[in-house]
Amino acid sequence: MARATCGRLDLLVNNAGVAPAVRADILDATEESFDRLIHTNVRGPYFLTQQVARWMIERVEAQPAGAPAYRPKIVFISSISAYTASINRGDYCVSKAALAMLTPLYAARLAEHGINVYEIRPGVIRTDMTGPVKEKYDQLIEQGLTPIKRWGTPEDVGKAVAAIAQDLLPFSTGEVINVDGGFHLRRL
């Protein structure tokens, strides 16, 4: 539909994602939950990006000489769960780790076409998905889980996407942009 309506795509943001229906210990997690998370969190972005990347390459190669440069970009929204072990959501962590690998894979493949690829890695973000564990994260944040002592917001993530959309990182590809209040920092 975008192809027919707009004729080109400047930015793909892979932001679809689901959490497990039940937070289950890794020893009790079900195959159905695992399959659901892999299907939505990994398979969908993998194949959507494949299709969109082909279209972007076509557009890059079809640029007339002297036309303003067409510099499309691709973003994967992953999670700190890509590298943080949560034994009561192992299926989610595995899906986000797999999603995180798509950034270097597509960045390496698409760089020759001038298509930059980024990963935005949110931390504890106030959304419907984190609503059921609000009290837990309120307490952890207060205890210093993150150097910036507040919940992240969807707007925080959106600002990182906006920076990419505005081409503010033109000499970067395959980069992970942490939007996590400093959660990723190792501290003594």
Side-chain angles (χ1 to χ4, degrees), residues 1-2 5-6 9-23 33 36-49 52 71-86 88-104 106-107 115-170 172-185:
M1 184 164 164
T5 305
C6 302
L9 184 64
D10 295 311
L11 177 68
L12 170 63
V13 179
N14 288 289
N15 191 40
V18 294
V22 174
R23 288 177 173 241
S33 179
R36 175 178 162 266
L37 292 171
I38 293 298
H39 183 79
T40 301
N41 296 354
V42 183
R43 188 179 192 278
Y46 183 97
F47 288 106
L48 175 62
T49 300
V52 168
R71 296 187 37 81
K73 294 150 202 68
I74 296 172
V75 176
F76 292 97
I77 308 293
S78 68
S79 168
I80 59 173
S81 293
Y83 66 88
T84 303
S86 294
N88 64 341
R89 305 179 303 134
D91 43 8
Y92 183 76
C93 294
V94 168
S95 75
K96 290 301 182 172
L99 181 66
M101 178 50 71
L102 294 182
T103 299
Y106 277 106
I115 302 169
N116 293 356
V117 182
Y118 305 89
E119 176 187 349
I120 295 176
R121 195 174 280 172
V124 180
I125 306 295
R126 189 181 306 273
T127 65
D128 292 344
M129 193 181 293
T130 55
V133 289
K134 180 188 178 308
E135 289 180 22
K136 172 186 174 180
Y137 284 119
D138 282 344
Q139 186 176 34
L140 290 171
I141 291 167
E142 183 58 34
Q143 293 169 354
L145 177 68
T146 57
I148 299 174
K149 288 189 173 192
R150 70 169 176 84
W151 280 79
T153 65
E155 292 79 12
D156 292 322
V157 176
K159 288 176 183 179
V161 172
I164 292 166
Q166 294 172 44
D167 204 23
L168 297 179
L169 305 167
S172 298
T173 193
E175 290 298 323
V176 175
I177 301 168
N178 291 292
V179 181
D180 65 0
F183 177 86
H184 69 279
L185 298 171

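Residue numbers count from 1 along this sequence.
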Considering all heavy atoms of both residues, which atom of Asn14 and which atom of Leu48 are nearest to each other, and what is their separation? OD1-CD2, 3.8 Å

Without swapping roles, check the side chain of Tyr92 against the backbone of Arg23 for a donor-acceptor pair under 3.5 Å. no

Check for a donor-acceptor pair, side chain of Ser86 on one end and backbone N or O of Asn88 on the other, with a separation under 3.5 Å. no

For Ser33 and Asp91, which heavy atoms make the closest approach, and how far apart are they? OG-OD2, 2.6 Å

Quick check against the 3.5 Å criterion: does Asn116 have a side-chain atom that pairs as donor or acceptor with the backbone of Ser172? yes

Where do Pro147 and Phe183 come nearest, in terms of heavy atoms and distance? CD-N, 4.1 Å

Any donor-acceptor N/O pair, Thr153 side chain to Asp156 backbone, under 3.5 Å: yes

With rounding to the nearest 0.5 Å, note down the distance linking CD1 in Ile148 to CD1 in Ile141. 11.0 Å

OH of Tyr118 to OG1 of Thr173, rounded to nearest 0.5 Å, is 6.0 Å

Is the number of heavy atoms from other residues, nucleotides or ligands within 6.0 Å of CD (Gln143) greater than 12? yes

Which heavy atom of Asn41 sits nearest to which heavy atom of Leu99, and what is that distance? O-CD1, 3.4 Å

Pairing residues for Arg121 by the salt bridge (charged side-chain N to carboxylate O under 4.0 Å, His left out) criterion, not counting sequence neighbours: Glu119

Does any non-hydrogen side-chain atom of Val161 lie less than 4.5 Å from one of Leu11? yes

Should the ring pair Tyr137 and Trp151 be called parallel, tilted or perpendicular, given that the plane angle runs from 0 to 90° and is split at 30 and 60? perpendicular

Quick check: closest heavy atoms across Ala82 and Ala97, and the distance to 0.1 Å? O-CB, 3.5 Å

Rounded to the nearest 0.5 Å, what's the gap from CG on Leu37 to CZ on Arg89? Could you check? 10.0 Å

How close do Glu142 and Lys149 get, heavy atom to heavy atom, and via which atoms? O-NZ, 3.3 Å

Looking at CD1 of Ile77 and CG of Asn15, how far apart are the two atoms once the value is rounded to the nearest 0.5 Å? 5.0 Å

Contact check, side chains of Asp167 and Arg71, non-hydrogen atoms, under 4.5 Å: yes

Nearest 0.5 Å, please: how far is CG in Leu12 from OG1 in Thr49? 5.0 Å

Answer whether the closest heavy-atom distance between the side chains of Val157 and Ile125 falls below 4.5 Å. yes

Rounded to the nearest 0.5 Å, what separation is found between the NZ atom of Lys159 and the CD1 atom of Ile177? 15.0 Å

Is there side-chain contact between Ile74 and Ile115, with at least one heavy-atom pair below 4.5 Å? yes

